[in-house]
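Okay, structure first, notes after.
One is the number of the first residue; the rest follow in order along the sequence. Fair warning: this is a prediction, and the values are worked out from it, not measured in the lab.
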Amino acid sequence: ATGAAFLSKFFDNLRVVRRSEGSWVGGAQATTRFFEKRGSSEPATVVIDYRAGTARLSRGPGSPTKVEPIKFMTSDTAALPFVFLGRPRPSGPVTFAYTDGRFLRTMTLDSTVVFEHRVAGKPVPTVRYVSRRGGPKDAEVELWIRAADGFPLRIRLSSARYGVRGEANLI
């Protein structure tokens with residue numbers, strides 16, 4: 001992804017590269033390797049070993065590796081839109097573990113009612129999930145999925161801390 005032309009007047013190198021590798025375990029996605037490079041910063045890499053119960057996080061080629069224990073199947077920011085794909089849609093709050101390349105985190109999403117969202121001019125029954133924020137500086141995540149099968153339709157990220165909002169419409 002690259003930042004908008006307007007933003008590049010104020011910031012250098014707005015390019016973001018993310019790569020996610022993993023597998024489906026028990027109907028849920030499980031990240032095994034995640035890579036992220038933001039602009040000119042050092043790349044972040046996470047390698048997860050579920051048998052050993054560890055995640056190795058590193059920053060840049062010469063940085064020391066930090067090893068953290070994991071207890072749950074873990075997703076990542078690149079795979080986040082697909083977290084409900086092919087799974088029964090939860091009717092209440094859902095909490096899952098994920099990594100952004102620098103830290104292991106958890107997120108709780110609350111759902112809205114099923115509503116009609118227009119995709120290519122046609123109504124699609126959609127559910128919007130919104131993350132709970134622990135504090136005023138925490139980012140907010142909105143994930144819109146097709147109610148029938150969990151296919152991602154839209155993802156929005158908002159940051160009051162930085163005063164920005166990004167949106168990706170996946171269809």
Side-chain angles (χ1 to χ4, degrees), residues 1 3-4 7 10-11 14 16-20 22 25-39 41-50 53-60 63-85 87-115 117 126-145 147 150 152-170:
L7 291 175
F10 304 102
F11 302 100
L14 293 174
V16 176
V17 176
R18 290 185 177 126
R19 288 188 201 113
S20 176
V25 178
Q29 63 184 6
T31 297
T32 54
R33 183 177 180 81
F34 177 69
F35 169 90
E36 180 179 88
K37 175 136 177 53
R38 296 180 187 185
S41 68
E42 291 290 330
T45 304
V46 178
V47 178
I48 299 174
D49 182 342
Y50 290 102
T54 60
R56 294 187 179 278
L57 297 95
S58 60
R59 192 73 187 236
S63 71
T65 300
K66 176 172 65 169
V67 179
E68 291 193 22
I70 59 164
K71 297 178 185 173
F72 311 103
M73 292 297 173
T74 302
S75 187
D76 60 68
T77 54
L80 175 65
F82 303 94
V83 73
F84 296 119
L85 184 61
R87 296 172 55 186
R89 178 173 44 87
S91 57
V94 60
T95 301
F96 61 93
Y98 75 100
T99 181
D100 62 359
R102 296 180 308 259
F103 303 99
L104 296 176
R105 303 178 186 273
T106 58
M107 178 185 300
T108 300
L109 298 172
D110 294 306
S111 65
T112 60
V113 297
V114 176
F115 64 96
H117 171 60
T126 301
V127 178
R128 179 178 71 134
Y129 287 86
V130 179
S131 65
R132 293 182 184 173
R133 294 175 42 205
K137 291 185 178 182
D138 289 350
E140 181 178 79
V141 176
E142 285 185 33
L143 178 58
W144 297 30
I145 64 166
L153 301 172
R154 173 183 287 170
I155 186 165
R156 286 183 179 158
L157 303 170
S158 304
S159 172
R161 181 178 183 184
Y162 298 109
V164 297
R165 182 167 114 177
E167 181 175 312
N169 293 298
L170 303 171

Can you see which heavy atom on [X] is nearest to which on [Y], and at what distance?
X	Y	value
Asp49	Ile70	O-CD1, 4.5 Å
Glu42	Gly60	OE1-CA, 3.2 Å
Pro69	Leu104	O-CD1, 4.0 Å
Pro81	Pro152	O-CB, 3.1 Å
Ser41	Arg38	OG-O, 2.6 Å
Ala78	Ser20	CB-CB, 3.9 Å

Look at atom [atom1] of [X] and say whether more than 12 heavy atoms of other residues, nucleotides or ligands are closer to it than 6.0 Å.
X	atom1	answer
Arg56	CZ	no
Arg33	CZ	no
Phe72	CZ	no

What distance separates [X] [atom1] from [Y] [atom2], expressed to the nearest 0.5 Å?
X	Y	atom1	atom2	result
Met73	Phe96	CE	CZ	15.0 Å
Leu157	Leu80	CG	CG	7.5 Å
Arg132	Thr95	CZ	OG1	6.5 Å
Gln29	Thr74	CD	OG1	10.5 Å
Leu109	Ile145	CG	CD1	9.5 Å

Just so I know, are the side chains of [X] and [Y] near enough to count as touching, which here means a heavy-atom distance under 4.5 Å?
X	Y	result
Leu57	Arg102	no
Asp76	Thr99	yes
Ser158	Glu142	no
Tyr129	Arg89	yes
His117	Arg128	no
Val46	Thr31	no
Leu143	Phe84	yes

Using the test side-chain hydrogen bond (donor to acceptor under 3.5 Å, both in side chains), find all partners of Ser58 that sit at least two apart in sequence or belong to another chain.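 Scan of Ser58 (side-chain hydrogen bond (donor to acceptor under 3.5 Å, both in side chains), adjacent residues dropped) gives none.
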Listed partners of Phe34 passing ring-ring contact (aromatic ring centres under 6.0 Å, His included), at least two apart: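 Result, ring-ring contact (aromatic ring centres under 6.0 Å, His included) vs Phe34: none returned.
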Run Leu153 and Thr126 through side-chain contact (heavy atoms from CB on, under 4.5 Å) and show every step you take. CA-CA 8 Å; Leu153 301 172; Thr126 301; 3.4 Å; yes
